[in-house]
Amino acid sequence: MTDIRELLLSRIRDVADYPQPGVTFKDITPLLADPSAFTALTDALAGIAGRTGATKVVGLEARGFILGAPVAVRAGLGFIPVRKAGKLPGATLGQAYDLEYGSAEIEVHAEDLAAEDRVLIVDDVLATGGTAEASIQLVRRAGAEVAGLAVLMELGFLKGRARLEAALAGAPLEALLTI
């Protein structure tokens, strides 16, 4: 796993002062542009899907779509997008959550998940954990079981893992990189 970590880290670019002064943004576009790195990432996340016994992959808007869809294909699973409120047509199930300044809501087509589904939630970054926590609640409200949460990067200093411990209720949280 050390080799994959080195490969992934070497393809993540730091962008200083983005989106605001004092913040260092972790840009994964160089990783996505490198077929070897993107394949290694997809294979690693598909391995997590297999180990958790997932039957579906949920990807969180927007970079979770980019990562989750190929993971679902590689693992032979269905892919379900979780979107910002108002972006999905038809009947949806929503989950509101608090942000640092304000609130947001995510939605899913509830009929895409069933009681027999075990869902692996995939995203690029775990920061404070607000979106991930809302997605866990949303999957459960749709009647499915959370098999786990898998992310490319965990920003450990933001303590998202601690926030998610109770919500995950024993389901694993796997981060390929912890920064």
Side-chain angles (χ1 to χ4, degrees), residues 8 12-32 41 45 48 54 56-72 79-113 117 119-179:
L8 297 176
I12 297 170
R13 179 174 58 131
D14 285 348
V15 180
D17 298 320
Y18 183 83
Q20 62 189 37
V23 173
T24 300
F25 182 78
K26 299 293 187 183
D27 181 13
I28 68 167
T29 58
L31 188 157
L32 300 174
L41 172 59
L45 293 173
I48 294 169
K56 298 237 173 100
V57 172
V58 157
L60 305 183
E61 188 167 340
R63 289 180 299 262
F65 296 174
I66 296 168
L67 303 184
V71 167
F79 176 76
I80 311 297
V82 167
R83 304 232 32 210
K84 295 174 183 166
K87 300 290 185 179
L88 289 171
T92 60
L93 183 61
Q95 181 69 45
Y97 62 102
D98 291 327
L99 300 167
E100 188 175 351
Y101 299 104
S103 63
E105 186 175 354
I106 54 176
E107 294 179 332
V108 68
H109 283 133
E111 70 271 8
D112 292 340
L113 294 171
D117 284 322
V119 177
L120 177 67
I121 300 165
V122 173
D123 205 4
D124 65 329
V125 175
L126 172 61
T128 62
T131 307
E133 183 178 41
S135 69
I136 291 166
Q137 294 166 345
L138 189 58
V139 165
R140 289 198 178 116
R141 286 185 49 227
E145 180 182 347
V146 175
L149 172 65
V151 297
L152 165 59
M153 279 181 279
E154 177 182 354
L155 303 179
F157 62 94
L158 293 176
K159 312 272 189 244
R161 182 177 291 269
R163 176 180 183 165
L164 295 176
E165 191 172 315
L168 282 165
L173 164 54
E174 294 200 41
L176 299 179
L177 303 171
T178 301
I179 298 171

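Everything numeric in this text was worked out from a predicted model, so none of it was measured.
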Where do [X] and [Y] come nearest, in terms of heavy atoms and distance?
| X | Y | value |
| --- | --- | --- |
| Asp98 | Ser103 | OD1-CB, 4.0 Å |
| Tyr97 | Ala134 | CD2-CB, 3.5 Å |
| Gly129 | Leu164 | O-CD2, 3.5 Å |
| Ile136 | Ala167 | CG2-O, 3.5 Å |
| Arg140 | Ala169 | NH2-CB, 4.0 Å |
| Phe65 | Phe79 | CA-CZ, 3.9 Å |

For Asp117, the side-chain hydrogen bond (donor to acceptor under 3.5 Å, both in side chains) test, sequence neighbours excluded, returns Thr55, Lys56

Using side-chain hydrogen bond (donor to acceptor under 3.5 Å, both in side chains) as the criterion, list what pairs up with Asp17, not counting sequence neighbours.
-> none

If we only count heavy atoms from C-beta on, is the [X] to [Y] side-chain gap below 4.5 Å?
| X | Y | answer |
| --- | --- | --- |
| Val108 | Val58 | no |
| Ile121 | Val82 | no |
| Lys26 | Asp14 | yes |
| Leu32 | Leu67 | yes |

Apply side chain to side chain contact (heavy atoms under 4.5 Å, CB included) to Ile12 and Leu177, showing your working.
-> CA-CA 11 Å; Ile12 297 170; Leu177 303 171; 3.6 Å; yes

I would like to know whether Leu152 and Leu45 meet side chain to side chain contact (heavy atoms under 4.5 Å, CB included); could you show each step before the answer?
-> CA-CA 8 Å; Leu152 165 59; Leu45 293 173; 5.7 Å; no

To the nearest 0.5 Å, what is the distance between [atom1] ([X]) and [atom2] ([Y])?
| X | Y | atom1 | atom2 | answer |
| --- | --- | --- | --- | --- |
| Thr92 | Glu111 | OG1 | CD | 9.0 Å |
| Asp124 | Leu176 | CG | CG | 11.5 Å |
| Leu31 | Leu41 | CG | CG | 5.5 Å |
| Thr178 | Met153 | OG1 | CE | 11.0 Å |
| Leu93 | Leu138 | CG | CG | 5.0 Å |

Taken in chain and number order and not counting sequence neighbours, the residues that satisfy side-chain contact (heavy atoms from CB on, under 4.5 Å) with Glu105 are Ala85, Glu107

Sub-3.5 Å donor-acceptor pair from the side chain of [X] to the main-chain atoms of [Y], do we have one?
| X | Y | value |
| --- | --- | --- |
| Arg161 | Leu126 | no |
| Arg141 | Gly94 | yes |
| Glu61 | Lys84 | yes |
| His109 | Ile80 | no |

Output yes when Arg163 and Glu133 qualify as a salt bridge under the 4.0 Å nitrogen-oxygen rule, no when they do not.
-> yes

Would you find more than 12 non-hydrogen atoms of other residues, nucleotides or ligands less than 6.0 Å from Phe25 atom CZ?
-> yes

With Val125, the side chain to side chain contact (heavy atoms under 4.5 Å, CB included) member among Ile179, Thr131, Leu155 | Leu155

